[in-house]
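Lettering follows sequence order; numbering is per chain, from 1. Quantities reported herein were computed from a predicted structural model and do not represent experimental measurements.
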Amino acid sequence: MSMSNDTKSHSTVSVTLHLERKHSLATRWMHWVNFPLLAMMIWSGLLIYWANPVYGIRIFGYELFAFFPQWFYEFLGVPFRLGEGLQLHFFFMWLFAVNGIAYIIYTIASGEWRSIVPLPSSFKRAPKVALHDAHIVKEKPPQGKYNDAQRIAYSGVILMGAGSVISGFAIYKPTQLAFLTAMFGGYQWARWVHFWLTILFVLFFVVHIIQVAIAGWSNFRSMITGYDVIDDKEVSQ
Amino acid sequence: MSDDKEILVEKVRELVDAPKENWPGGSDNTANLINEPRYLSEPLSADQAKKQMSARSRRGFLVGGIAALTTVFGWRWISDETKYNLYHRAFAFNEKVSQFFYSPRRLAAEFPPERITRPNRLNGDIGMMNQAEVSVWKLTVAGINGSGIREFTIDEIRALPRSEMTTEFKCIEGWSTIVNWAGVRFSDLAAACGLTQETIPEYVSLTTPDKQYYVGWDTAAIMHPQTLLAYEMNGEPLTVEHGAPLRLASSTKYGIKQIKRIGNIEFTSVRPKDYWNQPENGGYDWYAGL
């Protein structure tokens, strides 16, 4: 072990490392509980969507991609399971919503929101993070627990969750909550929002997995244990 | 003395002026601007750090692993029948919540005539196989204040107060069409049978003349002002395939509940069977309320 050239104060102690608490126990539980719940909501949503699969990416009326191709449904065994999809969706929706609401309340009350919420200036710094991640720029913008791109992404995905629950209510009770359905521009627009938010969740998930894989083991471990080991260089200002 | 004072002033300035900078980069770091807290242990030697981290890893992965395995194998271990019952208990719970917040005063949006979907979509013909039924059709209403029965011809239905609405018909599959309906409010038929809000039982059962298609409604939803016994659709007499001579049209339930060619109506305090709620037909939500 190389001794640090730290000669200022604690020259007698061989001090180089810290344990840093990254994620509280509550955050870790809610994060991991959310994973199967969101997966269930997306899966059951797909079983429901199959019954009226109308969305696609179209340019001037030409369909570039249809959500979803027949082989995709058949590969996953989706066809003719609408009834089951509704059963799953209207059971797991409670668990998904309760976990999400508990997370938001906890994050506000505990002060953890300070790690996640972006400032207006974050939107200027986030592209620099992206350039650094793409190995175009060497300099890494200074950050707290999360960088500015993560702040925007993690706050965004919380808003997406809220948007899914709210647009879900607009589809679920379009007569009793007619004002809510009208806010989305009507029943079919609420369904459109609900669908595209789901696609965004899937894209978020893919990017999230890639980023976690790139960030490495100790970062992943911190989402299990809550802690990471860092050296003095990362502490100094 | 003056030294002490200096130090004190310095400390106060530190507390008041300087932002608490827990993170590198000063004011160029969002974390410092937003005063993000930082939770660092005391300085540790490499050995100490390794030891502590290993202990935390063991505990974390053990608990996490047990939780993950319990979830996966627990879920597999639960029988399909138990799951089915669980989902249907959730439907029942959702129904209670919906009923609690339900108000007959809340109406679905109505649309101008130019928004009517043309051509209209057609779906469902269960219980409408025998065309001979249409010409001899009569509506039988049973369970009026106990065991009372009344019969209505289509002319007698047409003689009741006429209502019209242009609303969005919503299929449980996810599609919807805008349709103009004309007919009798179900609540007006109930009134014609001498039933009031106070004397009407909890449920209404409706079946096709051959009883092949059958739906159950909660009284609150069927007495909603936007629930019609419709005999006209988009300004024309109802066609046979759309449910002539009389069908339900409502903004309070999905299309599966808006039964075509109604032959029998029964007021009842026993929750009626519902076609799509049957396990063999998919086990859909009995309530299916919008």
statement: The interface call for K22(A) against chain B, heavy-atom contacts under 4.5 Å, is neither
Interface moiety of V63(B) toward chain A, non-hydrogen atoms closer than 4.5 Å: side chain
- prompt: Out of curiosity, I256(B) CD1 to D285(B) CG, how far, rounded to the nearest 0.5 Å?
  reply: 8.0 Å
query: Given a strict heavy-atom distance threshold of 4.5 Å, which part of W50(A) is in contact with chain B: side chain, backbone, both, or neither?
result: neither
- line: Counting heavy-atom pairs under 4.5 Å with chain B, the top scorer among K173(A), R21(A), Q176(A) is Q176(A)
I224(A) versus chain B, the contacting section by heavy-atom distance below 4.5 Å: both
- prompt: Minimum heavy-atom separation for P142(A) to G25(B), with atom names?
  reply: CB-CA, 3.8 Å
- prompt: Counting only N and O atoms by type, is there a donor-acceptor contact under 3.5 Å from the side chain of R28(A) to the main-chain atoms of T225(A)?
  reply: yes
query: When heavy-atom pairs shorter than 4.5 Å are enumerated against chain A, which of G60(B), A108(B), A109(B) gives the highest number?
result: A108(B)
message: Looking at every heavy atom in both L17(A) and A46(B), which two are closest together, and how far apart are they?
response: CD1-CA, 3.4 Å
task: Spell out, as yes or no, whether a donor-acceptor pair under 3.5 Å connects the side chain of S24(A) to the backbone of T27(A).
output: yes
Contacting region of V117(A) [heavy-atom separation from chain B under 4.5 Å]: both
- prompt: Taking the inter-plane angle between the rings of F195(A) and F68(A) on a 0 to 90° scale, is it parallel (under 30°), tilted (30 to 60°) or perpendicular (over 60°)?
  reply: tilted
message: Using heavy-atom distances under 4.5 Å, tell me whether F179(A) contacts chain B through its side chain, its backbone, both, or neither.
response: neither
- prompt: Pick from L88(A), L25(A), V54(A): which one has the most heavy-atom pairs with chain B under 4.5 Å?
  reply: L88(A)
query: Aromatic rings Y55(A) and Y49(A): how do their planes relate, parallel, tilted or perpendicular, breaks at 30° and 60°?
result: parallel
field: Selection from S41(B), A90(B), G282(B) maximising heavy-atom pairs under 4.5 Å formed with chain A
entry: S41(B)
query: Considering residues, nucleotides and ligands other than R118(B), do more than 12 of their heavy atoms fall under 6.0 Å from its CZ?
result: yes
- prompt: Tell me, side chain or backbone of F111(B) under 4.5 Å from chain A's heavy atoms, or both, or neither?
  reply: neither
query: What part of R81(A) lies closer than 4.5 angstrom to a heavy atom of chain B: side chain, backbone, both or neither?
result: neither
- request: Can you label the angle between the W196(A) ring and the W192(A) ring as parallel, tilted or perpendicular, going by 30° and 60°?
  value: tilted
- request: Would you mind checking which part of S115(A) comes under 4.5 Å of any heavy atom in chain B, side chain (CB onward), backbone (N, CA, C, O), both or neither?
  value: both
- request: State which residue, out of E110(B), E114(B), E168(B), fulfils the side chain to side chain contact (heavy atoms under 4.5 Å, CB included) condition with I178(B).
  value: E168(B)
- prompt: Going by the angle between their ring planes, with limits at 30° and 60°, are F91(B) and H88(B) parallel, tilted or perpendicular?
  reply: perpendicular
query: Does any heavy atom of chain B fall under 4.5 Å from the side chain of W32(A), the backbone, both, or neither of them?
result: neither
message: Which one wins on heavy-atom pair count under 4.5 Å against chain B: Y172(A), W113(A), W94(A)?
response: W94(A)
statement: Interface check, chain A: of N281(B), L86(B), T167(B), T252(B), most non-hydrogen pairs under 4.5 Å belong to L86(B)
query: Quick one: what part of L107(B) sits under 4.5 Å from any heavy atom of chain A, side chain, backbone, both or neither?
result: backbone
Heavy-atom contact with chain A under 4.5 Å, split by part of A68(B): neither
field: chain A contact via Y84(B) - which portion, at a heavy-atom distance below 4.5 Å
entry: side chain
message: Please classify the contact between I171(A) and chain B as side chain, backbone, both or neither, with a heavy-atom cut-off of under 4.5 Å.
response: backbone
query: Under 30°, 30 to 60°, or over 60°: which ring-plane class applies to Y213(B) and Y275(B), parallel, tilted or perpendicular?
result: tilted
field: Proximal component of R151(A), with respect to chain B [non-hydrogen, under 4.5 Å]
entry: side chain
field: Residue P174(A) versus chain B: region with a heavy atom under 4.5 Å
entry: both
- request: Could you tell me which non-hydrogen atom of P127(A) sits nearest to which non-hydrogen atom of K124(A), and how far apart they are?
  value: CD-O, 3.3 Å
